[in-house]
Amino acid sequence: MPELPEVHTITNDLKKSIIGAQILDVKIDPQYKVIPDNNSFVKLVKGKKITGVSRIAKNILIELENTGILHFHLAMTGRILLRDKKTPDNWTRVVFLLKADNYSRILKFSDMRMFGKVGFYADLAGSNLLKKYGPDLIFATPDLDSFSKAIKNKKSSIKNVLLDQSVVAGLGNIYATEALFLAGIDPSRLSNTLSKDELQKLLTAAITVLNEGIAHRGSTLPDKMYVDIFGNPGSYQEHFKIYLKDKCPRCGSGVLNTKINGRSTYHCPSCQK
DNA sequence: ATGTTTGTTCCGAT
DNA sequence: CATCGGAACAAACA
């Protein structure tokens, strides 16, 4: 599910909602496995105070006073929910009981398909999170030269390269598809055939769609899987130009739905060259 | 029953 | 050894 805009929205909302709270208790579904292991996780996290919330690429980090970092990756169907009272939520895997001076809340990690990850790390260095990412398209926008170099270094379709988080961090299947439409580039083009001008358009388009996604609090597809921490859907899906579309909004041509490296791709054969 | 699905990692081929 | 593409991870829905 979540690409950068969804993860960014969740991170910002958590930042406003849970900093200063103490984690009174942690419950893990015994069928579910966290890192390093369920027993150690509970021991390490229980009783700790939350001092910060941040995002690295599509990872959410909750900093705990003096002890370390809670790490969440939502993958395809992960959710983080903040509830005021006990509420039945599907696919709940880990539950944190939070207590602050003026409230008690329940923080839940839910994940239908269980591709996501929950872990505790004593520090960032132990987490691998610092190594594998290219520049964050929102926090550390690359300049054209470094973007070009990273893109041309790869031998694959431009769509596939945009999904490679070690090239640039943040795009997923939907926003990469939208960015390529906005830039007028055929997603199946080999990345090393793009001109400087096309790369500039693509970089600008990628940053634009991610910012618009954030402004609309993310995208919720027809399956309703993505919701924010309050359980509310995003609305950027109402502004998709090409993803899931039949007709090109620019020229009216039929949109082609193809697969590139196994991922569903939409493009206009007339507007994207 | 079969084919889809917002992400990432691992493995075999090149 | 590095890189790429496909399979796998697992669950629900049409």
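To find a chain, count down the sequence lines: A is the first, B the second, and so on, and within it residues start at 1.
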What class does the angle between the rings of [X] and [Y] fall in, given that below 30° is parallel, 30 to 60° is tilted and above 60° is perpendicular?
X       : Y       : result
Y236(A) : F240(A) : perpendicular
F72(A)  : F96(A)  : perpendicular
F109(A) : Y32(A)  : tilted

Integer-rounded Å distance: dT4(B) C1' and L244(A) CG: 11 Å
Separation of atom CG in D111(A) from atom P in dA11(C), rounded to whole Å: 10 Å
Any donor-acceptor N/O pair, K152(A) side chain to L194(A) backbone, under 3.5 Å: yes
ring centroid sep under 5.5 Å plus plane angle under 30, F115(A) with dC9(C): yes
With a 4.0 Å cut-off on N to O distance, would you call [X] and [Y] a salt bridge?
X       : Y       : value
K46(A)  : D25(A)  : yes
K149(A) : D145(A) : no
D136(A) : K58(A)  : no

Interatomic distance at P, dT9(B) relative to dA12(C), whole Å: 24 Å
P atoms of dT4(B) and dG6(C), separation to the nearest Å: 14 Å
Think [X] has a side-chain N or O under 4.0 angstrom from the OP1 or OP2 of [N]?
X       : N      : value
K154(A) : dC4(C) : yes
Y243(A) : dT6(B) : yes
N160(A) : dC4(C) : no
K259(A) : dT5(B) : yes

Of all pairs that satisfy side-chain hydrogen bond (donor to acceptor under 3.5 Å, both in side chains), the ones with a partner from residues 178-187 of chain A, not counting sequence neighbours: D186(A)-S188(A)
Dot-bracket encoding per residue of DNA chain C, Watson-Crick/G-U cut-off under 3.5 Å, | denoting interstrand: .||||||||.||||
Every protein N/O within reach of nucleotides 8-11 of chain B N/O, cut-off under 3.5 Å:
unit_1, atom_1, unit_2, atom_2, d
dT8(B), OP1, H73(A), NE2, 2.8
dT8(B), OP2, K58(A), NZ, 3.2
dT9(B), OP1, K132(A), NZ, 2.7

Identified side chain to side chain donor-acceptor pair (under 3.5 Å) partner of Y175(A) from the options E6(A), E3(A), E212(A): E6(A)
